[in-house]
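Owing to the predicted nature of the structure, the values given are computational and were not obtained by experimental measurement. Counting starts at 1 for both ligands and their atoms, in listed order. Positions are given from 1 along the sequence.
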Amino acid sequence: MSQALPDHGRAAADVLQQLRDYGRDDPHYQDAKLWSLVYYLDPAHADFLNQAYEAYSSANGLNPSAFKSLKRFESEIIEATARLHHGGPEACGVVTSGGTESCLLAVKTYRDLARATRRVRRPEMIVPTTAHVAWFKASEYFGVKLRLLPLDEHLHADVSKLESMINRNTVMVLGSAPEYPHGSIDPIEAMGAIALKHGVPLHVDACVGGFILPFMAMNGVALPTWDYRVPGVMSISADLHKYGFAAKGASTLTYRNLELLKHQMFVSTDWPGGVFASPALLGTRPGGAYAAAWAALQHFGVDGYRDLAARTQQAFERMRAGIEAVPQLKVLGEPQGPLLAYGSASPQVNIFAVGDQMDAKGWLVNRLQFPDGLHAMITAQHLPVVDDYLRDLRESVAAVQADPSLAGKGRAATYGMMAHLPLRGMVRNKVLELFANTYRAGGPPLSLEGQGGEAEAGKPLLERVAAWYVARRQRRSA
Ligand SMILES: Cc1ncc(COP(=O)(O)O)c(C=O)c1O
């Protein structure tokens, strides 16, 4: 056998050592250099979550009557979440494995609701262009056609176009609080009024904002109303494993009432394995994730989350002011926190080249497209490093301005090309082919965008897609 399954088992200490070694080249999020993916505070909190997780790591929430502890965690988490979002006495919901599961399930629920109550056979949903990609995935998975609500000149969902897009096949409308690319809260009140008028449910994707916006509001930050206080809002997704600072694998999906939630549930009465009922997408549900999420809510409480929100808000405002003070940069859209994105305000400064300079200084920043930009998911952990980040950003902008050829090098070249390639369908197929290949048993390690090796197979995926496109264009023009 290959080393992936050794012929003879190895000592636990030896295995654990190698396991840690595998993480050597992972992003070093503990020092706050990473601006996405991880919501980390400090070793003490990580240790606390680990202890809570470990206590229930074997427990299974599949059958809610078996592990009563898990059902109790879930009920209390849902109660806390529904109250935080001003749900009424009928509010209900489930804990899921993450934001994507919450989004997928909402689409399934509303597709089935419309099928059952209005006999809709060709379901459609209306989502702003800035909706998280999970909604695009849900559309594919559940056969619900996406109708994209365009953005206005401030990159806000253009609510003036919404009403004319609703038709009898519309099963749901989506708004985000806030949206992932630029951090603005969609106009939920206006969307809710239109949705209500047409009898179509409005879901709010608060996967990012669900556990920070309420505390920002308690701290006096002026925010639009986006939760169950808006009459048309019928459900909300909110991630515990983001600003709830729980362990990975925990989100919530709540509904205004049980009549809605019923359409999410799956019941089979005739399976030889017995009568089976499942509330969410997963079968086995990870007890550790529920326990750690419950523990996080108990540990922080309202005052703990308010403190985290206050520090995040401070970091966000310093970041925004610092970026706005650089004449060659502009903040994209009108972010309300806790994240923001920025692009170039100068033809001499390529924003992806600025990203390369920031990478070289040890920061890990995400790239955006349409428009090109750099992204920062800001947490309380970042407050102590914001000034260092801004200093490096100013230096990076100056370096790119002094040497515009940087735009054609490194990741800037790849990202610039990927963001502006025509023939998106062909690009999609090429990405699919290369991406799928990395899942071959014993296949090459996946490098989506990091530094690749010399061998073609070791090169970053986006670089290979770009190289494929250039070669194709050259062949055509030869
Ligand atoms: C607005 C929004 N919705 C949904 C998701 C999906 O969450 P997850 O990555 O936990 O599946 C994200 C992730 O960033 C998000 O920003």
Side-chain angles (χ1 to χ4, degrees), residues 27 29 34-40 77 81 85 93-108 125 127-142 146 148-149 151 155-157 172-188 191 202-214 223 226-227 233 235-254 280-282 285-286 289-290 292-293 296 312 316 332-333 335-341 364-368 373 375-379 448:
Y29 53 84
L34 179 64
W35 296 78
S36 67
L37 298 171
V38 170
Y39 299 76
Y40 179 81
I77 291 169
T81 308
H85 299 158
V94 295
V95 174
T96 70
S97 60
T100 299
E101 188 187 345
S102 297
C103 301
L104 293 181
L105 279 172
V107 173
K108 179 239 171 304
M125 60 178 170
V127 314
T129 310
T130 42
H132 190 265
V133 71
W135 297 94
F136 294 67
K137 195 179 199 178
S139 152
E140 267 194 39
Y141 279 19
F142 294 115
L146 264 190
L148 288 179
L149 186 61
L151 306 183
L155 300 177
H156 284 300
M172 64 167 281
V173 174
L174 173 79
S176 302
E179 40 88 333
Y180 171 87
H182 316 117
S184 56
I185 299 175
D186 286 336
I188 303 296
M191 294 175 101
L202 171 64
H203 176 91
V204 176
D205 180 353
C207 285
V208 169
F211 287 94
I212 187 164
L213 296 179
L223 293 172
W226 58 270
D227 59 16
V233 172
S235 49
I236 297 176
S237 42
D239 288 358
L240 292 151
H241 66 195
K242 293 192 172 73
Y243 288 90
F245 286 92
K248 285 278 180 287
S251 168
T252 59
L253 174 54
T254 61
L281 208 67
L282 303 187
R285 301 166 85 209
Y290 293 24
T312 307
F316 168 78
L332 298 179
Q336 282 143 308
L339 67 103
L340 56 73
L364 290 149
V365 290
N366 266 355
R367 276 72 169 165
L368 301 180
H375 191 255
M377 195 71 108
I378 300 164
T379 69
L448 196 60

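Judged by distance alone, with hydrogens and angles left aside, the side-chain atoms of Arg285 form no donor-acceptor pair with the main-chain N or O of Tyr290 at under 3.5 Å.
Partners of His203 by side-chain hydrogen bond (donor to acceptor under 3.5 Å, both in side chains), not counting sequence neighbours, listed by chain and number: Ser235, Ser237.
Listed by chain and number, residues touching ligand 1 at under 4.0 Å (heavy atoms only) are Gly98, Gly99, Thr100, Cys103, His132, Tyr180, Asp205, Cys207, Val208, Asp239, His241, Lys242.
Aromatic ring orientation, Tyr39 versus Phe245: perpendicular (interplanar angle above 60°, classes split at 30° and 60°).
Side-chain contact of Ser251 with Ser102: a donor-acceptor pair under 3.5 Å is present, judged by distance alone.
Residues Tyr141 and Leu281 have side chains not in contact (no heavy-atom distance under 4.5 Å, counting atoms from C-beta outward).
Atoms CG and OG1, from Leu339 and Thr379 in turn, are 11.5 Å apart once rounded to the nearest 0.5 Å.
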